[in-house]
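All remarks here apply to the structure that follows.
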Amino acid sequence: SPLESAKQAAAFKAVDKHVQNNYVIGIGSGSTIVYAAERLAERVSKEKLNVVCIPTSFQAKQLIVKHDLRLGSLDTHPTVDVCIDGADEVDVNLDLIKGGGACLLQEKIVASCANNLVIIADYTKDSVKLGDQYKKGIPIEVIPMSYVPIQNKIRNRFGGDVNLRMAVAKAGPVITDNGNFILDWVNFKQSDDWNQVNTFIRMIPGVVETGLFIGMARIVYFGQADGTVKEQI
Ligand code: DER
């Protein structure tokens, strides 16, 4: 499908351009990264590359193991040469909404340890402002016992709605890889200063992390429906 070939094109381009021998590579989460893991495995075996892969979720860990890639951790590799990850939406400043897959906490930690954060996305993620296209809300990971007061505080300060993300294949709320809940902040007013919004939300006791990745991405590869790739820096 055009969407899948877009994801694959972005993923292959990023791996081909940014992966070098002896690299420590952060492996993101979601569906686009699956193509990146495939391409990485192909390059490792063809070029006999020596790399270590740091997962950002149970899903990423499974991908690394499935492709016989060397599994590492921040304990032994606290500095990551490049982190390759997806995004739910990208604005013109390369600010991101992430967390559609509820993996934002470890994604942001690994991204923060990386010398370079490379985002791979299909054309549906390519927006002018956050919120133009992605309507599922800004994900926020919270400690379960605090989710109601956090919902109230965000709604009172910024408006919009703040919904507890309910599971599909499990009764009750989604539980993250870290044992927390996810709130999705929808119908938010588009901000010109996401840093200020992000800081306010992160300071609410019980908030663990937000899906606002502000000033973190260095380059974004947008796969197009025709299989070409648009770079944005
Ligand atoms: O949840 C996440 O942050 C993922 O990276 C997600 O945003 C990317 O999802 P996709 O590659 O399946 O579109």
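Any value given below was found using the heavy atoms of this structure, including those in side chains, with hydrogens, waters and symmetry copies removed. Whatever order the structure lists them in is the order used to number ligands and atoms, beginning at 1. Note that this is a predicted model, so its numbers are computed, not measured.
Pairs of residues two or more places apart, or lying in two chains, that qualify as salt bridge (charged side-chain N to carboxylate O under 4.0 Å, His left out) and include a residue from residues 35-48 are Asp16-Arg39, Arg39-Glu42, Glu42-Lys46, Arg43-Glu47. Residues in residues 74-83 take part in these side-chain hydrogen bond (donor to acceptor under 3.5 Å, both in side chains) pairs, two or more places apart or across chains: Ser73-Asp75.
A donor-acceptor pair shorter than 3.5 Å can be found between the side chains of Asn50 and Asn22.
Checked against the 6.0 Å centroid criterion, the rings of Trp194 and Phe213 do not qualify as a close aromatic pair.
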Write out each pair where an N or O from ligand 1 and one from the protein are under 3.5 Å apart, with the distance.
residue  : atom   : partner : partner atom : Å
ligand 1 : 1 (O)  : Gly99   : N            : 3.4
ligand 1 : 1 (O)  : Gly100  : N            : 3.2
ligand 1 : 1 (O)  : Gly101  : N            : 2.7
ligand 1 : 3 (O)  : Lys98   : NZ           : 2.9
ligand 1 : 3 (O)  : Gly99   : N            : 2.8
ligand 1 : 3 (O)  : Glu107  : OE1          : 2.8
ligand 1 : 3 (O)  : Glu107  : OE2          : 3.3
ligand 1 : 5 (O)  : Ser29   : O            : 2.9
ligand 1 : 5 (O)  : Asp85   : OD1          : 3.3
ligand 1 : 5 (O)  : Lys98   : NZ           : 2.9
ligand 1 : 5 (O)  : Glu107  : OE2          : 3.3
ligand 1 : 7 (O)  : Asp88   : N            : 3.4
ligand 1 : 7 (O)  : Asp88   : OD1          : 3.0
ligand 1 : 7 (O)  : Asp88   : OD2          : 2.9
ligand 1 : 11 (O) : Ser31   : N            : 3.4
ligand 1 : 11 (O) : Thr32   : N            : 3.1
ligand 1 : 11 (O) : Thr32   : OG1          : 2.7
ligand 1 : 12 (O) : Ser31   : N            : 2.8
ligand 1 : 12 (O) : Ser31   : OG           : 2.5
ligand 1 : 13 (O) : Lys125  : NZ           : 2.5

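Under the rule for a side-chain hydrogen bond (donor to acceptor under 3.5 Å, both in side chains), Lys129 has no partner lying at least two apart in sequence or in another chain.
Under the 4.5 Å side-chain heavy-atom criterion for Ile, Leu, Val, Met, Phe, Trp and Tyr, Leu105 and Leu183 are members of distinct hydrophobic clusters.
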